[in-house]
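Here the structure is laid out as C-alpha cells; the discussion comes afterwards.
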Amino acid sequence: MKKQRESQCTQKTISLLSPLGTIQVRGCENGVHTIQILMDVAPAERSGEAPLSCVVNDSPAETSPELQRCVEWLQAYFSEPQTTGSLPLPAFHHPALQGDAFTSRVLQVLLRDVKFGETVSYKRLAEMAGTPRAVRAVGGAMRRNPVPLLIPCHRVISSSGQSGPYMSGKGDHLKQWLLTHERQGREG
C-alpha cells in the first residue's frame, strides 16, 4: 500500500552543485522522497575564508514548497551550517520514514537527538532507539536512509571513534568532509 501511494506521486528532481559534488533531491507535493549524492567530483577544500556554496543547477519550472524548503536547508548547511538547527526541515515522503518500523525509529531518533557537530556511536544510537543489542541493525538503518544530510547518518561513528563506512564504503571521504565541515562550523 505504501509503495502504491508513493508511486502515485508526481515526483520532481532538483539538482544542486555542492562542495560534495552534485546532489539530486527528489520529491513531490507531500515531501522529500530521496537525496542522492552523486560523487561526481572530489569534495571541495574547506577554507575558513570564503563560505562554501550550494547552488541550484537544474530545477523544474514549478517545485513544491517542501522541495524548496529542502533546497534552502541544504544551501544553509553548506554556507552557514550553524544556522540549520533553527531552519524547518521539509516533510519526508518515503516509506522507510513512515510508521514505527525499526529503520524509521532509528532515523527519527538520530534526527531528533544528535545535533549539528555531534557524533554518536552505532551502539549508543541502538540504545537511544530502545534496542541496545541491535548495533548491526543500526548500521543497516543508516544504509537505508533515503535522505542523507537531512537525517545525518554521517554523524554515526564506531565505538572506537573511527568514522566508519558511508554510502556503503564508497563515500568514506565524504563522511570525513562532512564531520570536519560541522566541526569547523561549530567552532566558527
| said: For Ile37 and Leu174: C-alpha separation, side-chain torsions, deciding distance, then whether side-chain contact (heavy atoms from CB on, under 4.5 Å) applies. | reply: CA-CA 9 Å; Ile37 304 168; Leu174 300 180; 3.8 Å; yes
| query | Under 6.0 Å from the NZ atom of Lys170, do we count more than 12 heavy atoms belonging to anything else shown? | reply | no
Pairwise side-chain contact, [X] with [Y], heavy-atom cut-off 4.5 Å (strictly under):
{"X": "Ile35", "Y": "Cys70", "value": "yes"}
{"X": "Ile14", "Y": "Asn57", "value": "no"}
{"X": "Glu29", "Y": "Leu67", "value": "no"}
{"X": "Cys153", "Y": "Pro148", "value": "yes"}
{"X": "Phe116", "Y": "Pro81", "value": "yes"}

From [atom1] ([X]) to [atom2] ([Y]), nearest 0.5 Å:
{"X": "Glu80", "Y": "Ser86", "atom1": "CD", "atom2": "OG", "answer": "9.5 Å"}
{"X": "Leu111", "Y": "Leu150", "atom1": "CG", "atom2": "CG", "answer": "8.5 Å"}
{"X": "Lys175", "Y": "Ser163", "atom1": "NZ", "atom2": "OG", "answer": "5.5 Å"}
{"X": "Leu149", "Y": "Gln36", "atom1": "CG", "atom2": "CD", "answer": "12.0 Å"}
{"X": "Ser15", "Y": "Leu38", "atom1": "OG", "atom2": "CG", "answer": "7.0 Å"}
{"X": "Gln108", "Y": "Leu97", "atom1": "CD", "atom2": "CG", "answer": "6.0 Å"}

| task | With His33 as reference, evaluate Lys12, His93, Arg26, His94 under the side chain to side chain donor-acceptor pair (under 3.5 Å) test and give the passing residue. | result | His93
Can you name the nearest heavy-atom pair linking [X] to [Y], along with the distance?
{"X": "Gly171", "Y": "Met39", "result": "CA-SD, 3.8 Å"}
{"X": "Arg155", "Y": "Leu179", "result": "CA-CD2, 4.1 Å"}
{"X": "Lys123", "Y": "Ser159", "result": "CB-OG, 3.8 Å"}
{"X": "Glu127", "Y": "Pro132", "result": "CG-CB, 3.8 Å"}
{"X": "Val156", "Y": "Ser121", "result": "CG1-C, 4.1 Å"}
{"X": "Cys54", "Y": "Leu74", "result": "CB-O, 4.2 Å"}

Grouping I, L, V, M, F, W and Y whenever their side-chain heavy atoms are under 4.5 Å apart, do [X] and [Y] come out in a common cluster?
{"X": "Phe102", "Y": "Leu107", "result": "yes"}
{"X": "Met128", "Y": "Met142", "result": "yes"}
{"X": "Val55", "Y": "Leu87", "result": "no"}
{"X": "Leu89", "Y": "Leu178", "result": "yes"}

Donor-acceptor pair, [X] side chain versus [Y] backbone, under 3.5 Å?
{"X": "Asp172", "Y": "Tyr166", "value": "yes"}
{"X": "Ser104", "Y": "Ala101", "value": "no"}
{"X": "Ser158", "Y": "Gln162", "value": "yes"}
{"X": "Asn145", "Y": "Ile151", "value": "yes"}
{"X": "Glu66", "Y": "Ala91", "value": "yes"}
{"X": "Thr131", "Y": "Ala134", "value": "no"}
{"X": "Ser64", "Y": "Cys28", "value": "yes"}

| message | Are Trp177 and His181 an aromatic pair, judged by ring center distance below 6.0 Å? | response | yes
| message | Could you walk me through whether Leu110 and Asp113 satisfy the side-chain contact (heavy atoms from CB on, under 4.5 Å) test, starting with their C-alpha distance in whole Å, then the side-chain angles of each, then the deciding distance to 0.1 Å, before giving a yes or no? | response | CA-CA 5 Å; Leu110 174 63; Asp113 296 340; over 6 Å; no
| request: List the steps and the verdict of side-chain contact (heavy atoms from CB on, under 4.5 Å) for Leu16 and Thr22. | output: CA-CA 6 Å; Leu16 303 160; Thr22 303; over 6 Å; no
| request: Kindly indicate, with the supporting measurements, whether the criterion side-chain contact (heavy atoms from CB on, under 4.5 Å) is fulfilled by Ile23 and Phe78. | output: CA-CA 12 Å; Ile23 297 174; Phe78 289 107; 3.9 Å; yes
| Would you say the side chains of Tyr77 and Glu182 form a donor-acceptor pair under 3.5 Å? |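 There is such a pair between these side chains.
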| Test item: side-chain donor near acceptor, Thr13 and Gln24, under 3.5 Å | no
| field | From CA spacing to verdict: salt bridge (charged side-chain N to carboxylate O under 4.0 Å, His left out), Arg69, Glu72 | value | CA-CA 5 Å; Arg69 186 173 293 131; Glu72 290 166 3; over 6 Å; no
